[in-house]
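Below is one structure, written out as C-alpha coordinates; comments come after it.
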Protein chains: 2
Amino acid sequence: MSMELENVLIAKQVNPTAVRLLVLEYLLKQKAAISLSDLETELHRADRVTLYRTLKTFEEKGIIHTIKDGTEVTKYALCQDECNNGLHSDMHIHFYCTNCKELYCLPKVQIPKLNLPDDFNLQEMSLVARGICKNCKK
Amino acid sequence: MSMELENVLIAKQVNPTAVRLLVLEYLLKQKAAISLSDLETELHRADRVTLYRTLKTFEEKGIIHTIKDGTEVTKYALCQDECNNGLHSDMHIHFYCTNCKELYCLPKVQIPKLNLPDDFNLQEMSLVARGICKNCKK
DNA sequence: TTGGTGATGCAACTCAATTGCATTCATTTT
DNA sequence: AAAATGAATGCAATTGAGTTGCATCACCAA
(Lines give C-alpha, C1' and ligand atoms only; values in the text may rest on other atoms or scores of the structure.)
Protein backbone atom coordinates (compact mmCIF):
# COMPACT_ATOMS: atom_id res chain seq x y z
CA MET A 1 0.00 0.00 0.00
CA SER A 2 2.58 2.47 -1.08
CA MET A 3 2.35 6.24 -1.02
CA GLU A 4 2.72 6.05 -4.77
CA LEU A 5 -0.65 4.41 -5.24
CA GLU A 6 -2.35 6.90 -2.99
CA ASN A 7 -0.94 9.75 -4.96
CA VAL A 8 -2.21 8.36 -8.21
CA LEU A 9 -5.73 8.41 -6.84
CA ILE A 10 -5.37 11.79 -5.19
CA ALA A 11 -4.01 13.27 -8.40
CA LYS A 12 -7.17 12.09 -10.11
CA GLN A 13 -9.34 13.43 -7.30
CA VAL A 14 -10.36 10.05 -6.05
CA ASN A 15 -10.52 9.40 -2.33
CA PRO A 16 -7.90 6.73 -1.63
CA THR A 17 -9.86 4.16 0.32
CA ALA A 18 -8.62 0.66 1.10
CA VAL A 19 -10.68 -1.03 -1.59
CA ARG A 20 -9.71 1.50 -4.21
CA LEU A 21 -6.05 1.08 -3.48
CA LEU A 22 -6.37 -2.66 -3.81
CA VAL A 23 -8.18 -2.31 -7.11
CA LEU A 24 -5.57 0.09 -8.43
CA GLU A 25 -2.77 -2.17 -7.28
CA TYR A 26 -4.39 -5.08 -9.08
CA LEU A 27 -4.87 -3.08 -12.24
CA LEU A 28 -1.22 -2.10 -12.27
CA LYS A 29 -0.17 -5.73 -12.14
CA GLN A 30 -2.17 -6.71 -15.21
CA LYS A 31 -0.83 -7.22 -18.68
CA ALA A 32 -4.34 -7.63 -20.09
CA ALA A 33 -7.63 -5.87 -19.52
CA ILE A 34 -9.79 -7.22 -16.70
CA SER A 35 -13.47 -7.78 -16.13
CA LEU A 36 -15.54 -7.12 -13.05
CA SER A 37 -15.60 -10.85 -12.43
CA ASP A 38 -11.82 -11.02 -12.54
CA LEU A 39 -11.73 -8.34 -9.90
CA GLU A 40 -14.30 -10.12 -7.82
CA THR A 41 -12.27 -13.31 -7.89
CA GLU A 42 -9.13 -11.50 -6.84
CA LEU A 43 -10.63 -9.30 -4.15
CA HIS A 44 -13.27 -11.58 -2.74
CA ARG A 45 -13.41 -9.71 0.50
CA ALA A 46 -15.02 -6.73 -1.20
CA ASP A 47 -18.58 -6.71 -2.46
CA ARG A 48 -19.22 -7.04 -6.17
CA VAL A 49 -21.19 -3.81 -6.22
CA THR A 50 -18.42 -1.94 -4.47
CA LEU A 51 -15.95 -3.15 -7.04
CA TYR A 52 -18.38 -2.24 -9.79
CA ARG A 53 -18.74 1.28 -8.43
CA THR A 54 -15.00 1.55 -7.96
CA LEU A 55 -14.47 0.81 -11.62
CA LYS A 56 -17.17 3.31 -12.54
CA THR A 57 -15.49 5.97 -10.45
CA PHE A 58 -12.09 5.18 -11.88
CA GLU A 59 -13.49 5.52 -15.35
CA GLU A 60 -15.19 8.82 -14.67
CA LYS A 61 -11.99 10.20 -13.23
CA GLY A 62 -9.90 9.05 -16.16
CA ILE A 63 -7.92 6.37 -14.37
CA ILE A 64 -9.18 3.48 -16.45
CA HIS A 65 -11.12 3.09 -19.67
CA THR A 66 -13.71 0.52 -20.55
CA ILE A 67 -13.53 -1.67 -23.59
CA LYS A 68 -16.34 -3.58 -25.20
CA ASP A 69 -14.40 -6.27 -26.95
CA GLY A 70 -17.29 -8.10 -28.53
CA THR A 71 -17.63 -10.63 -25.73
CA GLU A 72 -20.50 -10.30 -23.32
CA VAL A 73 -18.41 -8.74 -20.60
CA THR A 74 -17.01 -5.25 -20.31
CA LYS A 75 -13.28 -5.02 -19.83
CA TYR A 76 -11.28 -2.38 -18.02
CA ALA A 77 -7.69 -1.25 -18.36
CA LEU A 78 -5.52 1.57 -17.09
CA CYS A 79 -5.47 4.67 -19.22
CA GLN A 80 -2.41 6.26 -20.69
CA ASP A 81 -1.36 9.51 -19.09
CA GLU A 82 -3.31 11.67 -21.49
CA CYS A 83 -6.71 10.64 -20.20
CA ASN A 84 -8.56 12.94 -17.87
CA ASN A 85 -12.03 12.98 -16.39
CA GLY A 86 -13.64 10.74 -18.91
CA LEU A 87 -12.04 12.50 -21.84
CA HIS A 88 -10.25 9.44 -23.01
CA SER A 89 -7.78 9.46 -25.80
CA ASP A 90 -7.62 5.73 -26.24
CA MET A 91 -7.41 5.78 -29.97
CA HIS A 92 -5.14 2.79 -29.79
CA ILE A 93 -6.32 -0.66 -30.70
CA HIS A 94 -7.24 -3.62 -28.57
CA PHE A 95 -6.29 -7.17 -29.37
CA TYR A 96 -8.50 -10.04 -28.31
CA CYS A 97 -6.82 -13.42 -28.30
CA THR A 98 -9.27 -16.09 -29.35
CA ASN A 99 -7.13 -18.69 -27.66
CA CYS A 100 -6.45 -17.36 -24.15
CA LYS A 101 -9.48 -15.04 -24.26
CA GLU A 102 -7.41 -12.15 -22.99
CA LEU A 103 -7.77 -8.61 -24.23
CA TYR A 104 -4.59 -6.61 -24.70
CA CYS A 105 -4.16 -2.89 -25.18
CA LEU A 106 -1.69 -2.08 -27.92
CA PRO A 107 -1.12 1.61 -27.22
CA LYS A 108 1.67 1.83 -29.75
CA VAL A 109 -0.53 0.86 -32.65
CA GLN A 110 -2.49 3.94 -33.59
CA ILE A 111 -5.71 3.62 -35.49
CA PRO A 112 -5.00 4.78 -39.02
CA LYS A 113 -6.89 7.75 -40.39
CA LEU A 114 -10.12 6.79 -42.08
CA ASN A 115 -11.54 7.92 -45.35
CA LEU A 116 -14.96 8.74 -44.03
CA PRO A 117 -17.52 10.41 -46.26
CA ASP A 118 -17.45 14.14 -45.65
CA ASP A 119 -20.90 14.16 -44.19
CA PHE A 120 -19.96 12.03 -41.19
CA ASN A 121 -18.58 13.78 -38.17
CA LEU A 122 -16.10 11.51 -36.41
CA GLN A 123 -15.70 11.75 -32.66
CA GLU A 124 -14.01 8.55 -31.60
CA MET A 125 -13.16 5.10 -32.77
CA SER A 126 -12.80 1.69 -31.31
CA LEU A 127 -10.88 -1.03 -33.06
CA VAL A 128 -10.76 -4.55 -31.76
CA ALA A 129 -8.50 -6.96 -33.58
CA ARG A 130 -8.96 -10.67 -33.03
CA GLY A 131 -6.42 -13.42 -33.46
CA ILE A 132 -3.66 -15.22 -31.59
CA CYS A 133 -1.53 -13.28 -29.15
CA LYS A 134 2.21 -13.57 -28.90
CA ASN A 135 2.15 -15.82 -25.88
CA CYS A 136 -0.24 -18.31 -27.40
CA LYS A 137 1.58 -18.30 -30.72
CA LYS A 138 4.77 -19.71 -29.25
CA MET B 1 -44.01 -11.33 -50.61
CA SER B 2 -42.25 -11.42 -53.91
CA MET B 3 -40.54 -14.35 -55.57
CA GLU B 4 -37.37 -12.31 -55.30
CA LEU B 5 -37.27 -12.59 -51.55
CA GLU B 6 -37.92 -16.29 -51.61
CA ASN B 7 -35.05 -16.82 -53.99
CA VAL B 8 -32.67 -14.95 -51.77
CA LEU B 9 -33.42 -17.36 -48.96
CA ILE B 10 -33.37 -20.42 -51.14
CA ALA B 11 -30.04 -19.41 -52.62
CA LYS B 12 -28.67 -19.35 -49.10
CA GLN B 13 -30.27 -22.68 -48.28
CA VAL B 14 -32.78 -21.24 -45.88
CA ASN B 15 -36.34 -22.49 -45.93
CA PRO B 16 -38.50 -19.51 -46.96
CA THR B 17 -41.14 -19.47 -44.24
CA ALA B 18 -43.56 -16.61 -43.68
CA VAL B 19 -41.70 -15.17 -40.73
CA ARG B 20 -38.35 -15.40 -42.45
CA LEU B 21 -39.66 -13.59 -45.50
CA LEU B 22 -41.03 -10.83 -43.32
CA VAL B 23 -37.73 -10.51 -41.50
CA LEU B 24 -35.80 -10.41 -44.75
CA GLU B 25 -38.18 -7.86 -46.18
CA TYR B 26 -37.73 -5.70 -43.10
CA LEU B 27 -33.95 -6.01 -43.26
CA LEU B 28 -33.95 -4.91 -46.88
CA LYS B 29 -35.85 -1.76 -46.02
CA GLN B 30 -33.35 -0.65 -43.39
CA LYS B 31 -30.66 1.95 -43.85
CA ALA B 32 -29.19 1.15 -40.45
CA ALA B 33 -28.50 -2.04 -38.54
CA ILE B 34 -31.32 -3.37 -36.39
CA SER B 35 -31.62 -5.06 -33.03
CA LEU B 36 -33.78 -7.97 -32.00
CA SER B 37 -36.02 -5.50 -30.18
CA ASP B 38 -36.47 -3.45 -33.33
CA LEU B 39 -37.58 -6.57 -35.09
CA GLU B 40 -39.92 -7.47 -32.27
CA THR B 41 -41.54 -4.06 -32.43
CA GLU B 42 -42.04 -4.31 -36.16
CA LEU B 43 -43.23 -7.90 -36.32
CA HIS B 44 -45.18 -8.15 -33.11
CA ARG B 45 -47.18 -11.07 -34.36
CA ALA B 46 -44.11 -13.31 -34.24
CA ASP B 47 -42.56 -14.53 -31.05
CA ARG B 48 -39.36 -12.98 -29.79
CA VAL B 49 -37.60 -16.32 -29.72
CA THR B 50 -38.63 -17.10 -33.26
CA LEU B 51 -37.21 -13.80 -34.41
CA TYR B 52 -34.08 -14.46 -32.40
CA ARG B 53 -33.63 -17.85 -34.04
CA THR B 54 -34.38 -16.40 -37.44
CA LEU B 55 -31.54 -13.93 -37.02
CA LYS B 56 -29.27 -16.72 -35.83
CA THR B 57 -30.13 -18.80 -38.87
CA PHE B 58 -29.63 -15.86 -41.21
CA GLU B 59 -26.24 -15.25 -39.70
CA GLU B 60 -25.14 -18.87 -39.99
CA LYS B 61 -26.17 -18.93 -43.61
CA GLY B 62 -24.36 -15.73 -44.43
CA ILE B 63 -27.39 -13.55 -45.02
CA ILE B 64 -26.72 -11.10 -42.23
CA HIS B 65 -23.83 -10.34 -39.94
CA THR B 66 -23.89 -9.32 -36.30
CA ILE B 67 -22.24 -6.22 -34.97
CA LYS B 68 -21.33 -5.45 -31.39
CA ASP B 69 -21.29 -1.68 -31.52
CA GLY B 70 -20.39 -0.98 -27.92
CA THR B 71 -23.97 -0.55 -26.79
CA GLU B 72 -25.54 -3.34 -24.79
CA VAL B 73 -27.47 -4.72 -27.71
CA THR B 74 -26.32 -6.76 -30.66
CA LYS B 75 -27.12 -5.30 -34.06
CA TYR B 76 -27.76 -7.10 -37.32
CA ALA B 77 -27.37 -6.01 -40.91
CA LEU B 78 -27.46 -7.59 -44.34
CA CYS B 79 -24.18 -8.88 -45.63
CA GLN B 80 -22.53 -7.89 -48.83
CA ASP B 81 -22.59 -10.50 -51.55
CA GLU B 82 -19.26 -11.98 -50.61
CA CYS B 83 -20.44 -13.47 -47.34
CA ASN B 84 -21.25 -17.15 -47.24
CA ASN B 85 -22.13 -19.57 -44.48
CA GLY B 86 -20.72 -17.58 -41.61
CA LEU B 87 -17.51 -16.81 -43.44
CA HIS B 88 -18.09 -13.11 -43.31
CA SER B 89 -15.89 -10.64 -45.03
CA ASP B 90 -17.23 -7.60 -43.24
CA MET B 91 -13.95 -5.84 -42.89
CA HIS B 92 -15.77 -2.61 -43.49
CA ILE B 93 -16.39 -0.20 -40.69
CA HIS B 94 -19.53 0.61 -38.77
CA PHE B 95 -20.59 4.07 -37.76
CA TYR B 96 -22.58 4.64 -34.61
CA CYS B 97 -24.36 7.99 -34.45
CA THR B 98 -24.38 9.27 -30.91
CA ASN B 99 -27.33 11.48 -31.74
CA CYS B 100 -29.87 9.20 -33.41
CA LYS B 101 -28.31 6.05 -31.89
CA GLU B 102 -28.34 4.32 -35.24
CA LEU B 103 -25.59 2.08 -36.48
CA TYR B 104 -24.63 2.35 -40.13
CA CYS B 105 -22.55 0.01 -42.24
CA LEU B 106 -20.06 1.85 -44.36
CA PRO B 107 -19.05 -0.93 -46.75
CA LYS B 108 -17.04 1.41 -48.91
CA VAL B 109 -14.68 2.36 -46.12
CA GLN B 110 -12.21 -0.47 -45.72
CA ILE B 111 -10.34 -0.94 -42.51
CA PRO B 112 -6.79 0.20 -43.16
CA LYS B 113 -3.95 -2.22 -42.73
CA LEU B 114 -2.51 -2.24 -39.25
CA ASN B 115 1.05 -2.20 -38.11
CA LEU B 116 0.73 -5.02 -35.64
CA PRO B 117 3.78 -6.37 -33.86
CA ASP B 118 5.05 -9.43 -35.71
CA ASP B 119 4.19 -11.74 -32.89
CA PHE B 120 0.46 -11.16 -33.13
CA ASN B 121 -1.50 -13.28 -35.55
CA LEU B 122 -4.42 -11.28 -36.92
CA GLN B 123 -7.61 -13.07 -37.91
CA GLU B 124 -10.27 -10.41 -38.08
CA MET B 125 -11.03 -6.87 -37.07
CA SER B 126 -13.96 -4.80 -36.02
CA LEU B 127 -13.96 -1.06 -36.19
CA VAL B 128 -16.75 1.06 -34.83
CA ALA B 129 -16.53 4.78 -35.39
CA ARG B 130 -18.67 7.08 -33.29
CA GLY B 131 -19.88 10.54 -34.11
CA ILE B 132 -22.68 12.37 -35.87
CA CYS B 133 -24.19 10.85 -38.99
CA LYS B 134 -25.01 12.76 -42.12
CA ASN B 135 -28.70 13.01 -41.38
CA CYS B 136 -28.22 14.42 -37.90
CA LYS B 137 -25.51 16.78 -39.03
CA LYS B 138 -27.83 18.73 -41.30
C1' DT C 1 -53.38 -41.16 -43.74
C1' DT C 2 -49.28 -41.55 -41.35
C1' DG C 3 -44.69 -40.41 -40.10
C1' DG C 4 -40.98 -37.40 -39.76
C1' DT C 5 -38.47 -33.08 -39.89
C1' DG C 6 -38.15 -28.43 -39.34
C1' DA C 7 -40.36 -24.09 -37.58
C1' DT C 8 -42.74 -21.78 -34.07
C1' DG C 9 -44.47 -20.45 -29.44
C1' DC C 10 -44.37 -20.40 -24.52
C1' DA C 11 -42.03 -20.73 -20.20
C1' DA C 12 -38.25 -20.49 -17.81
C1' DC C 13 -33.41 -19.57 -16.87
C1' DT C 14 -28.66 -17.34 -16.99
C1' DC C 15 -25.71 -13.78 -16.38
C1' DA C 16 -23.85 -9.09 -16.50
C1' DA C 17 -25.14 -4.76 -15.30
C1' DT C 18 -27.54 -1.74 -12.40
C1' DT C 19 -30.36 0.52 -8.60
C1' DG C 20 -32.31 1.27 -3.88
C1' DC C 21 -31.63 1.47 0.59
C1' DA C 22 -29.60 0.77 4.98
C1' DT C 23 -25.28 0.78 7.38
C1' DT C 24 -20.63 2.03 8.24
C1' DC C 25 -16.68 5.05 8.02
C1' DA C 26 -14.13 9.33 8.06
C1' DT C 27 -13.98 13.98 8.69
C1' DT C 28 -15.77 18.31 10.20
C1' DT C 29 -18.52 21.14 13.33
C1' DT C 30 -20.33 22.40 17.65
C1' DA D 1 -16.19 14.38 23.17
C1' DA D 2 -20.54 14.31 20.87
C1' DA D 3 -23.19 15.29 17.01
C1' DA D 4 -23.63 15.98 12.19
C1' DT D 5 -22.53 15.47 7.48
C1' DG D 6 -21.27 13.21 3.28
C1' DA D 7 -19.00 9.59 1.11
C1' DA D 8 -18.14 4.64 0.76
C1' DT D 9 -19.63 0.09 1.36
C1' DG D 10 -22.66 -4.07 1.62
C1' DC D 11 -26.84 -6.55 0.83
C1' DA D 12 -31.06 -7.36 -1.65
C1' DA D 13 -33.42 -7.01 -5.50
C1' DT D 14 -34.36 -5.68 -10.32
C1' DT D 15 -33.56 -5.12 -15.24
C1' DG D 16 -32.80 -6.64 -19.80
C1' DA D 17 -30.50 -9.18 -23.43
C1' DG D 18 -29.56 -13.52 -24.66
C1' DT D 19 -30.42 -18.30 -24.46
C1' DT D 20 -32.36 -23.13 -23.78
C1' DG D 21 -35.95 -26.81 -23.18
C1' DC D 22 -39.88 -28.61 -24.46
C1' DA D 23 -44.38 -29.02 -26.49
C1' DT D 24 -47.01 -27.97 -30.49
C1' DC D 25 -47.74 -26.93 -35.25
C1' DA D 26 -47.02 -26.94 -40.36
C1' DC D 27 -45.49 -29.12 -44.27
C1' DC D 28 -43.66 -32.69 -47.23
C1' DA D 29 -42.85 -37.70 -48.33
C1' DA D 30 -43.97 -42.35 -48.24
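Every chain is numbered from 1 and lettered A, B, ... according to where its sequence line falls, protein lines coming before strand lines.
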So, OP1 or OP2 of [N]: does either fall under 4.0 Å of a side-chain N or O from [X]?
X	N	value
K56(B)	dT19(D)	yes
T17(B)	dT8(C)	yes
Y52(A)	dT18(C)	yes
T74(B)	dA17(D)	no

[X] [atom1] - [N] [atom2] separation (whole Å):
X	N	atom1	atom2	result
L36(A)	dT18(C)	CG	P	10 Å
L51(A)	dT18(C)	CG	C1'	15 Å
E60(A)	dT18(C)	CD	P	11 Å
L21(B)	dC27(D)	CG	P	13 Å
D47(B)	dG21(D)	CG	P	17 Å
L43(A)	dT9(D)	CG	P	12 Å
L22(B)	dA7(C)	CG	P	16 Å
R45(A)	dT24(C)	CZ	C1'	15 Å

Upstream residue (5' side of DNA chain D) when V49(B) and V19(A) are each assigned their closest nucleotide: V19(A)
Atom of G62(B), atom of K12(B) and distance for their closest heavy-atom approach: O-NZ, 3.7 Å
Polar pair under 3.5 Å, donor/acceptor by atom type, side chain R53(B), base dG6(C): no
Residue pair M125(A), V128(B): steps toward the side chain to side chain contact (heavy atoms under 4.5 Å, CB included) verdict: CA-CA 6 Å; M125(A) 286 190 293; V128(B) 178; over 6 Å; no
Whether K134(B) side chain and D119(A) backbone form a donor-acceptor pair below 3.5 Å: no
Under 3.5 Å: donor-acceptor pair, side chain of T57(B), backbone of R53(B): yes
Nucleotide nearest R20(A) when distance is taken to its side chain, options dT20(D), dA16(C), dA8(D): dA8(D)
F95(A) and F120(B) aromatic ring geometry - parallel, tilted or perpendicular at 30°/60° bounds: perpendicular
